[in-house]
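Every heavy atom of this structure was used, including side-chain atoms; hydrogens, water molecules and symmetry mates were not.
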Amino acid sequence: MRALICGAGIAGLTLAWHLERMGWQVEVVERAPTLRDGGYMIDFYGPGYEVAERMGLAPRLLEARYPVNELGYVDRVGRRTSRLVMPESFNRVVSLLRTDLVRAVHDGVRAPVTYGTSVAGIEQDGEGVTVELTDGTRREVDLLVGADGAHSQVRKLAFGAESGFVRYLGHRVAAYVIDDEALSRKIGTRYQMLTVPGRMAGAYALRGDRLALLFLCREPDPTLPEDPAAWLRHTYGDLGWILPEALSRCPDPAEIYCDQVTQIDMEHWSTGRVALLGDACQAVSLFAGHGASMAMAGAWVLADELATAGAARVPDALAAYQRRVRPAIEEVQAFGRRFIQWMAPSSGLRIAARDWMLRLASLPGADRLFLNSLTAGGHGLIVTRSGGGLRG
């Protein structure tokens, strides 16, 4: 069995890892020129962490994790307005850079990855898929998987224009990393955020005297700025705290992650022998904070269904994969929409209410209940079946 996976991100590489261990011939293409290093800090937990454990990645992820011991908010002069100390029992939430998770999966994949290449055309019949690549070559495969993100080219070719599937959540996100010993030491092992109505800026210190920065802005127009660095300086330059210094070190636009905050809502995730995976069909948004975990879980379930169905029933496996995963995605997406007013409050009153809730959550015994309420769904997806499917 031959599979072509478009997208060398978390979802695509996780699927490649499992398929090649099932005996499939796998090839991965990625439109970026190299393995992507962009992104931001993520909290990795839940079904994705279960998959990582089965893949033997847990030790590496625990080595790469960052000790986030406090979540706190500050005002424009850096005074703390509220905080929540993370309990020691919350140890199955791994905070790390998204790129560290991608590299951990990538290093276990034996399949060839062709960079600077994507899918240009698709033709299929009941027996297979003919894929034309942007480098002019063609592939004959049994399965094509589009794991190429929320703006998926495979989805566009197989299902049409993306406008019918994209739910824009009215916000823009940006992130970058700088080298700055003084700012890194000032922030420390605490995730600190400054929030004003419609705007949020967060910072966390990384190893090697680096600082990770995340920006979230309410924006009714989904059009992205041509110069994200100029947009960041214009939008956040007046907020004080560490931002004047951090924005003065803003890197070139190519090194800045900047995108819409969206969710993908599709009735069908596959057609024939073409399937979508990860953010291409199940983007849950930054507000849900569970995308990496659900991407790995979705890849595991897809491989599990393919292992169960066998070579002759690939379309049946793709339909079963959607039936198992889609309810969890809908649950996490709904959580993300509810969380918008917590992560990006639209008024000073909502900011004050959030700070009071954090103070109440700091009371003895309330911290874990509060953190559990902020944990998205998707649990119970990774189940070992007695008759067929993946064993590990």
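With a 4.5 Å cut-off on side-chain heavy atoms, Trp269 and Leu302 do not count as touching. In this structure the side chain of Val113 never reaches within 4.5 angstrom of the side chain of Leu35, judged on heavy atoms. Residues Leu144 and Gln124 are not in side-chain contact: their nearest non-hydrogen atoms beyond the backbone lie 4.5 Å or more apart. In this structure the side chain of Arg233 reaches within 4.5 angstrom of the side chain of Cys250, judged on heavy atoms. Side-chain atoms of Leu318 and Leu143, non-hydrogen and from C-beta on, do get closer than 4.5 Å to each other. Ser293 is listed as a side-chain neighbour of Phe44, based on a closest heavy-atom distance under 4.5 Å. Residues Arg110 and Arg21 form a side-chain contact, since some pair of their non-hydrogen atoms from C-beta on lies under 4.5 Å apart. Considering only heavy atoms from C-beta on, Tyr257 comes within 4.5 Å of Val173 through its side chain.
Under the 4.5 Å side-chain heavy-atom criterion for grouping Ile, Leu, Val, Met, Phe, Trp and Tyr, Met1 is connected to Val274 within one hydrophobic cluster. Taken together through direct or relayed side-chain contacts under 4.5 Å among Ile, Leu, Val, Met, Phe, Trp and Tyr, Met22 and Val301 form part of one hydrophobic cluster. The hydrophobic clustering, which links ILVMFWY residues whose side-chain heavy atoms are closer than 4.5 Å, places Tyr191 and Ile351 apart. In this structure, Trp342 is a member of the same hydrophobic cluster as Leu216, with clusters built from ILVMFWY side-chain heavy atoms closer than 4.5 Å. Side-chain heavy atoms closer than 4.5 Å link hydrophobic residues (I, L, V, M, F, W, Y) into clusters, and following such links, even through other members, never connects Tyr168 to Met266.
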Just do the side chain to side chain donor-acceptor pair (under 3.5 Å) check on Arg172 and Thr235 with the steps written out, would you? CA-CA 11 Å; Arg172 183 181 298 161; Thr235 304; over 6 Å; no
Can you check side chain to side chain contact (heavy atoms under 4.5 Å, CB included) on Leu306 and Val314, steps first, answer last? CA-CA 6 Å; Leu306 289 167; Val314 168; 4.2 Å; yes
Step by step, work out the side chain to side chain contact (heavy atoms under 4.5 Å, CB included) result for Val141 and Glu27. CA-CA 10 Å; Val141 296; Glu27 181 181 0; over 6 Å; no
Any chance you could lay out the side chain to side chain contact (heavy atoms under 4.5 Å, CB included) test for Asp135 and Val29, step after step, and finish with the verdict? CA-CA 11 Å; Asp135 63 6; Val29 295; over 6 Å; no
Verdict with reasoning, Val145 to Leu4, per side chain to side chain contact (heavy atoms under 4.5 Å, CB included): CA-CA 6 Å; Val145 178; Leu4 178 67; over 6 Å; no
Dump the intermediate steps for side chain to side chain donor-acceptor pair (under 3.5 Å) on Asp180 and Ser184, then the final yes or no. CA-CA 6 Å; Asp180 193 306; Ser184 179; over 6 Å; no
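Thr137 places no side-chain N or O within 3.5 Å of a backbone atom of Leu133 that could act as its donor or acceptor partner. For Gln263 (side chain) and Val284 (main-chain N/O), a donor-acceptor pair under 3.5 Å exists by modelled atom type. With hydrogens and angles disregarded, a donor-acceptor distance shorter than 3.5 Å links the side chain of Gln341 to the backbone of Ser346. No side-chain donor-acceptor contact under 3.5 Å links Arg36 to the backbone of Ala8. Looking only at distances, a side-chain donor or acceptor of Gln260 sits under 3.5 Å from a matching main-chain atom of Pro222. At distances below 3.5 Å, not a single donor-acceptor pair connects side-chain atoms of Gln282 with backbone N or O atoms of Gly298. The backbone N or O of Ala254 sits nowhere less than 3.5 Å from a side-chain atom of Asp252 that would complete a donor-acceptor pair. Side-chain N or O atoms of Asp148 include one that pairs as donor or acceptor with a backbone N or O of Val154 at under 3.5 Å. The backbone N or O of Val93 lies less than 3.5 Å from a partner atom in the side chain of Arg65, making a donor-acceptor pair. Remark: side-chain polar atoms of Gln333 are paired, donor with acceptor, to backbone N or O of Ile264 under 3.5 angstrom.
Under a cut-off of 6.0 angstrom, the local environment of CZ in Arg139 is crowded, with over 12 non-hydrogen atoms contributed by other residues, nucleotides or ligands.
Here the closest non-hydrogen pair linking Ile178 and Ala246 is CD1-CA, 4.2 Å. Across Thr195 and Met200, no two heavy atoms sit closer than the pair OG1-CG, 3.8 Å. In terms of heavy-atom proximity, Leu239 sits nearest to Val196 at CD2-CG2, 4.0 Å. In this structure, Met41 and Ala212 approach most closely via the heavy-atom pair CG-CB, 4.3 Å. Considering every non-hydrogen atom in both Gly237 and Pro244, the closest pair reads O-CG, 4.5 Å. Phe159 approaches His268 most closely through the heavy-atom pair CE2-O, 3.8 Å.
Aromatic ring centres of His171 and Phe287: separated by under 6.0 Å.
Among the candidates Leu243, Thr81, Ile242, the single residue satisfying the side chain to side chain contact (heavy atoms under 4.5 Å, CB included) test with Leu194 is Leu243. With respect to Tyr204, the side chain to side chain contact (heavy atoms under 4.5 Å, CB included) criterion is satisfied by exactly one of Leu211, Val177, Thr189: Thr189.
Of the inter-residue distances, the one linking Leu247 atom CG with Arg249 atom CZ reads 12.0 Å to the nearest 0.5 angstrom. Rounded to the nearest 0.5 Å, atoms CG (Leu276) and OH (Tyr321) are 7.0 Å apart. Note: Leu214 CG to Ile42 CD1 = 12.5 Å, rounded to the nearest 0.5 Å. Note: Asp209 CG to Asp179 CG = 8.0 Å, rounded to the nearest 0.5 Å. Within the model, atoms CZ of Arg324 and CH2 of Trp300 stand 5.5 Å from one another, a figure rounded to the nearest 0.5 Å. For the atom pair Thr262 OG1 and Leu169 CG, the distance stands at 7.0 Å (nearest 0.5 Å).
Between Glu50 and Arg54 there is no salt bridge, since no side-chain nitrogen of the basic residue lies less than 4.0 Å from a carboxylate oxygen of the acidic one. Remark: Arg326 engages Glu330 in a salt bridge, criterion side-chain N to carboxylate O under 4.0 Å.
Cation-pi geometry between Arg207 and Tyr66 is met: the NZ or CZ atom falls under 6.0 Å from the ring centre, inside 45° of the normal. For the pair Arg155 and Phe165, the cation-pi test (distance below 6.0 Å, angle within 45°) is failed.
Between Tyr176 and Phe215, the angle of the ring planes stays under 30°, which puts this pair in the parallel group of the 30/60° scheme.
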